[in-house]
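The first residue in the sequence is number 1, and the count goes up from there. All values reported here derive from a predicted model rather than from experimental measurement.
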Amino acid sequence: MEMDRRRLLALGAGAAVAAGVTGSATTAEATGTSGVPSDAALARKLGLRSKYAKGQHYVIGGRGEPLVLLPGWPQTWWSYNKILPALAKRYTVIAVDLRGMGGSAKPADGYDKKTMAGNVHDLIRHLGYDSVNIAGHDIGAMVAHSFAVNHRAATRKLMLMDVGHPDPSIYDLPLLVRPGQGFSLWWFAFNQVQSLPEKLITGRSRYIVDYFMDAFPPDPSAIDELSRRVYAHAYAGPDAIRAGNAWYQAFHQDVVDFATYGKITAPFLGLTSEYSFESNQAVWSGQGTDVRVHKVPGTGHFLAEENPQAVISELTAFLG
């Protein structure tokens, strides 16, 4: 993924301090657990309903064709809060907390994207749908890709945002880069570690959230204080940290599964940040039979929060 590397390197471990989170923060401040509304209250705020079925928490509302939205790390269904009300005017929106995320179950295993796509498929069948439009961001995009190839008949149209499915190229990512030649995706390796991240991050999840919310967007204020508290709260406990890390630990199985996948046959829209267009276009253009890739202006990674109107316009134009 190409990004504003100099800015990322400059932020480094000091991102939390730059956001005003200091070493003397209280536990509630560090975890972001102070004053966080419930999922039900957040859903009502958007005119939606908070539900739970098949081990998965989701919010649902609107009317029209079903549109499933899958979030990424370290976020929850709330990452779509700026686009859900507008989309609900045209579609039945279903924003899902993936296995291990937010209000969903956090079992010991099953974090490969094929299994997680099966979870989503079980949920939509439970809701009475034979097929859906499906969109995913970050880890959610990996699950959406797997859904589209493993549940072809259930996929009307596919939208991936800024991240693709793990493939063998992940083994070529440098952990330590030469000065001025990019940055390290350090969390890919950190999240592989068993048990230690839970000990280091429990009680300190706000530092992790602020690092990413400050490092990626050209305008960090696009991820507001409420959203940061919601995400930090979701990853405040050891089970949530373990489960979120398990998505990364499953990359090895994801690469094995990817080798068995054919091309995506559903119409496929890829949305990218300002920095990842060329790399994602090169990858995605060969992964489907009907692919278009568009750049979302003014974004660094969190597309639906940084430029929600552009994402709404892209999705509605694609879906019709």
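Figure legend: cation-pi geometry between Lys51 and Tyr58 absent, as NZ or CZ is not positioned both under 6.0 Å from the six-membered ring centre and within 45° of its axis.
In this structure, the separation between CZ on Arg99 and OG on Ser104 is 9.5 Å, given to the nearest 0.5 Å. Between atom CZ of residue Phe268 and atom OG1 of residue Thr289 there is a gap of 10.5 Å, rounded to the nearest 0.5 Å. Here the NZ-CG distance, from Lys114 to Asp254, works out to 11.0 Å after rounding to the nearest 0.5 Å. The CG atom of Leu269 sits 6.0 Å away from the CD atom of Glu314 when rounded to the nearest 0.5 Å.
Thr115 and Asp112 share a donor-acceptor pair across their side chains, judged by distance under 3.5 Å alone. No hydrogens or angles considered: a donor-acceptor pair under 3.5 Å links the side chains of Asp162 and Ser276. Judged purely by distance below 3.5 Å, without hydrogens or angles, the side chains of Glu65 and Asn133 pair a donor atom with an acceptor atom.
Partners of Tyr52 by ring pair (Phe, Tyr, Trp, His ring centres under 6.0 Å), not counting sequence neighbours: none found. Evaluation of the ring pair (Phe, Tyr, Trp, His ring centres under 6.0 Å) rule for His252 yields Tyr171 as partners, not counting sequence neighbours. Residues forming a salt bridge (charged side-chain N to carboxylate O under 4.0 Å, His left out) with Asp224 (at least two apart in sequence, or on another chain): none. Considering only residues two or more places apart in sequence or on other chains, Phe251 meets the ring pair (Phe, Tyr, Trp, His ring centres under 6.0 Å) condition with Phe188, Tyr248. Qualifying salt bridge (charged side-chain N to carboxylate O under 4.0 Å, His left out) partners for Arg292, counting only residues two or more places apart in sequence or in other chains: Asp290.
The pair Glu198-Arg204 does not meet the salt-bridge criterion, since no charged nitrogen lies less than 4.0 angstrom from a carboxylate oxygen. A salt bridge does not link Asp39 with Arg44: every distance from a Lys NZ or Arg NE/NH1/NH2 to an Asp or Glu carboxylate oxygen is 4.0 Å or more. Salt-bridge formation is not detected for the pair Lys113/Asp257: no Lys NZ or Arg NE/NH1/NH2 atom is positioned less than 4.0 Å from an Asp or Glu carboxylate oxygen. One finds a salt bridge joining Arg242 and Asp239 here, because a Lys/Arg side-chain nitrogen approaches an Asp/Glu carboxylate oxygen to under 4.0 Å.
A donor-acceptor contact shorter than 3.5 Å is absent between the side chain of Asp210 and the backbone of Tyr207.
Ring geometry, Phe302 versus His137: the interplanar angle falls from 30° to 60°, so the pair is classed tilted. Ring geometry for Tyr261 versus Phe258: interplanar angle over 60°, hence perpendicular rather than tilted (30 to 60°). Using cut-offs of 30° and 60° on the angle between ring planes, the pair Trp73 and Tyr235 is perpendicular. The aromatic rings of Phe212 and Trp186 lie parallel to each other, with less than 30° between the two planes, well short of the 60° mark.
Screening residues 82-97 for side chain to side chain donor-acceptor pair (under 3.5 Å) gives His57-Asp97 as the qualifying pairs, with residues at least two apart or on separate chains.
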